[in-house]
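Because the structure is a prediction, the values reported are computed rather than measured. One-based numbering along the sequence shown.
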Amino acid sequence: MTKSTDTTYDLVVFGATSFVGQILTRYLLETYGVGQSVSWAIAGRSQGKLDKLKGDLGPKGTELPVIIADAADESSLQVMCDQTRVIISTVGPYALYGEPLVQACVRTGTDYCDLTGEVQWIRKMVERYEEEAQSSGARIVHCCGFDSIPSDMGVWFLQNKAEETFGAPCRDVRMRVKVAKGEFSGGTVASMMNVAREAAADPQLRKELANPFSICPPEHRSTTRQPSLKGAEFDKTFNVWLAPFVMGAINTRVVHRSNALQGARYGKEFTYDEAMMTGRGAKGRLASYAIIGGLAGFFTASAIKPTRWLVEKFVPKPGEGPSPEAQKAGFYDLRFVGRTEDGKTIITKVTGDQDPGYGSTGKMLGEAGMCLAFDVPAEQPGGFWTPASLLDGKLLERLTSKAGLTFEVVETR
């Protein structure tokens, strides 16, 4: 069963007045206009803030339809869902505010995508609503920003090229962040702090966060030990020092879920990890230690109430972020190294033309929503999907033609 196409809107942006929501809304307005090929609306709980956003967007913005809905008001969420085929949500931290909307989408058969990187919340949503989503036809796609589209689609692209070149997928893939210029969003930081707080109080959650298959179906497991960078390490492929990548905790789990939902297309014993390049020689090694210390300090301080307030004073708040000029000055370059079971190697790269947490994320999220609205076949079953497992090549084409991403092969051997 899929939702009728006889709805008022193709797509609704919920949380349009949030910092990323404003970036997303402006991107959709500039790319698709109002009342043209795409029928869409903005939504949130404050009429005044939504009206201000429309005014800030200029003459075209004043034409945007508005829906009033509150993340804590189930009836308003139901009314919003009834009017559209797809909802894009930027209202986080999702562990605190996200479940009522997921529930409303599942019950109305409404497709949904968001920005969450909160693995513990994703697992709860899958456990509570997967069966109902499969019945209603709602396609739910989490992690449609910098975490985890570049990683998830980057691995999907690499495996496609490996199959074309070598006739087999790569059993092992490593992603390395060569460079990422930009800031974390306030929402991302708030989500990370919430995970640290929850984990400090829950030993079972700490165990779950150490499980790379935590959001995979129960039957999908590997007997091969998964790599997990904890300290400074030298990467012989690129001749650089490495440090843990803070987004790796969610990205690796999304990639493994993609593999599972594609019928273990990458292999039952597929391994994957992520890390940051910190440079060469002694300077690179010192930079790695500095990052490790900084991450440890952040998560430790975030987990303990007496020091959490201090962290909150110095990190961006939800709703805060860089100027449009700073967003456009940002970029990122990710490298993927894949090796087949018989030792063949392929290196690919993924780049984005704006800062990862804001400008690029807004564009990726918008195209994920558009892909859900227009590119996914009606017969595609409901359930909890990942970007690669549901949107695949159709999303890749949108990312490269509209959202400023590139995917390319660097080397095969």
Side-chain angles (χ1 to χ4, degrees), residues 1-18 20-22 24-29 31-54 57 60-92 94 97-115 125 129 132-133 135-142 144 362 365-378 380 382-385 390-391:
M1 171 183 168
T2 56
K3 190 169 188 177
S4 168
T5 56
D6 186 22
T7 56
T8 306
Y9 303 111
D10 299 312
L11 182 151
V12 168
V13 176
F14 180 61
T17 60
S18 71
V20 174
Q22 292 178 54
L24 166 62
T25 300
R26 186 176 295 278
Y27 170 74
L28 291 175
L29 186 64
T31 307
Y32 297 101
V34 182
Q36 299 176 19
S37 60
V38 182
S39 175
W40 63 290
I42 56 174
R45 64 183 179 180
S46 169
Q47 180 78 56
K49 288 184 178 180
L50 289 165
D51 288 343
K52 181 180 184 305
L53 172 60
K54 290 173 62 172
L57 292 169
K60 284 187 178 180
T62 61
E63 303 172 22
L64 274 171
V66 166
I67 299 172
I68 303 302
D70 190 321
D73 182 348
E74 293 182 13
S75 62
S76 70
L77 297 176
Q78 169 90 27
V79 170
M80 177 175 67
C81 289
D82 285 340
Q83 296 180 68
T84 186
R85 295 189 293 119
V86 175
I87 288 180
I88 304 177
S89 174
T90 70
V91 179
Y94 294 87
Y97 309 115
E99 182 170 358
L101 179 55
V102 170
Q103 183 183 66
C105 286
V106 166
R107 292 185 174 170
T108 58
T110 306
D111 291 344
Y112 164 101
C113 62
D114 67 24
L115 288 171
M125 295 303 96
Y129 301 110
E132 192 174 353
S135 176
S136 72
R139 282 79 64 100
I140 310 297
V141 189
H142 298 302
C144 290
L365 181 60
E367 292 307 328
M370 294 297 295
C371 198
L372 266 174
F374 295 103
D375 302 335
V376 177
Q380 189 74 33
F384 283 72
W385 297 88
L390 180 68
L391 307 178

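With values rounded to the nearest 0.5 angstrom, Ile88 atom CD1 is found 11.5 Å from Asp111 atom CG. Here Leu24 contributes atom CG and Glu367 contributes atom CD; the two are 10.0 Å apart, rounded to the nearest 0.5 Å. Note that CD of Gln78 is 11.0 Å distant from CG of Asp73, once rounded to the nearest 0.5 Å. Taking CZ of Arg85 as the start and CG of Leu11 as the end, the distance is 8.5 Å to the nearest 0.5 Å. Rounding to the nearest 0.5 angstrom, the gap separating the OG1 atom in Thr7 from the CG atom in Asp82 is 10.0 Å. We find the CG-CD distance between Leu372 and Gln380 to be 10.5 Å, quoted to the nearest 0.5 Å.
Taking 4.5 Å as the limit, some side-chain heavy atom of Val34 sits within range of a side-chain heavy atom of Leu29. Proximity of Val38 to Tyr9: side-chain heavy atoms (C-beta onward) are nowhere separated by under 4.5 Å. Between Leu391 and Asp375 the shortest side-chain heavy-atom distance does not fall below 4.5 Å. Contact annotation: the side chain of Leu101 approaches that of Cys105 to within less than 4.5 Å [non-hydrogen atoms, C-beta and beyond]. Using a 4.5 Å cut-off on side-chain heavy atoms (C-beta onward), Ser18 and Val91 make no contact. Ile87 places a side-chain heavy atom less than 4.5 Å from the side chain of Met80.
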Quick one: do Lys54 and Ile42 satisfy side chain to side chain contact (heavy atoms under 4.5 Å, CB included)? Show the steps, please. CA-CA 9 Å; Lys54 290 173 62 172; Ile42 56 174; 3.9 Å; yes
Could you walk me through whether Leu64 and Leu53 pass the side chain to side chain contact (heavy atoms under 4.5 Å, CB included) check? CA-CA 10 Å; Leu64 274 171; Leu53 172 60; over 6 Å; no
Side chain to side chain contact (heavy atoms under 4.5 Å, CB included) assessment of Met125 paired with Tyr94: CA-CA 11 Å; Met125 295 303 96; Tyr94 294 87; over 6 Å; no
Yes or no on side chain to side chain contact (heavy atoms under 4.5 Å, CB included) for Glu132 and Gln103, after CA distance, side-chain angles and deciding distance? CA-CA 9 Å; Glu132 192 174 353; Gln103 183 183 66; 5.8 Å; no
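Within a 6.0 Å sphere centred on OH of Tyr97, heavy atoms belonging to other residues, nucleotides or ligands number 12 at most.
When every heavy atom of Thr17 is checked against every heavy atom of Gln22, the shortest pair comes out as O-NE2, 2.9 Å. Scanning both residues, Ser136 and Val106, for their nearest heavy atoms gives OG-O, 2.5 Å. Here the closest non-hydrogen pair linking Cys144 and Cys113 is SG-CB, 3.9 Å. Here the shortest heavy-atom pairing between Lys49 and Ser46 reads N-OG, 3.1 Å. Summarising the geometry of Ala43 relative to Val12, their closest heavy-atom pair is CB-CG1, 3.7 Å, with the distance given to 0.1 Å. Nearest heavy-atom pair, Leu390 versus Trp385, reported as atom, atom and distance to 0.1 Å: CB-CB, 3.6 Å.
Legend: residues meeting ring-ring contact (aromatic ring centres under 6.0 Å, His included) with Phe384, ordered by chain and number and at least two apart, are His142.
Ser39 places a side-chain N or O within donor-acceptor distance of the main-chain N or O of Thr8, the cut-off being under 3.5 Å. For the pair Ser89 (side chain) and Asp114 (backbone), a donor-acceptor distance under 3.5 Å is absent. Checking side-chain atoms of Trp40 against main-chain N and O of Pro65 turns up no donor-acceptor pair under 3.5 Å.
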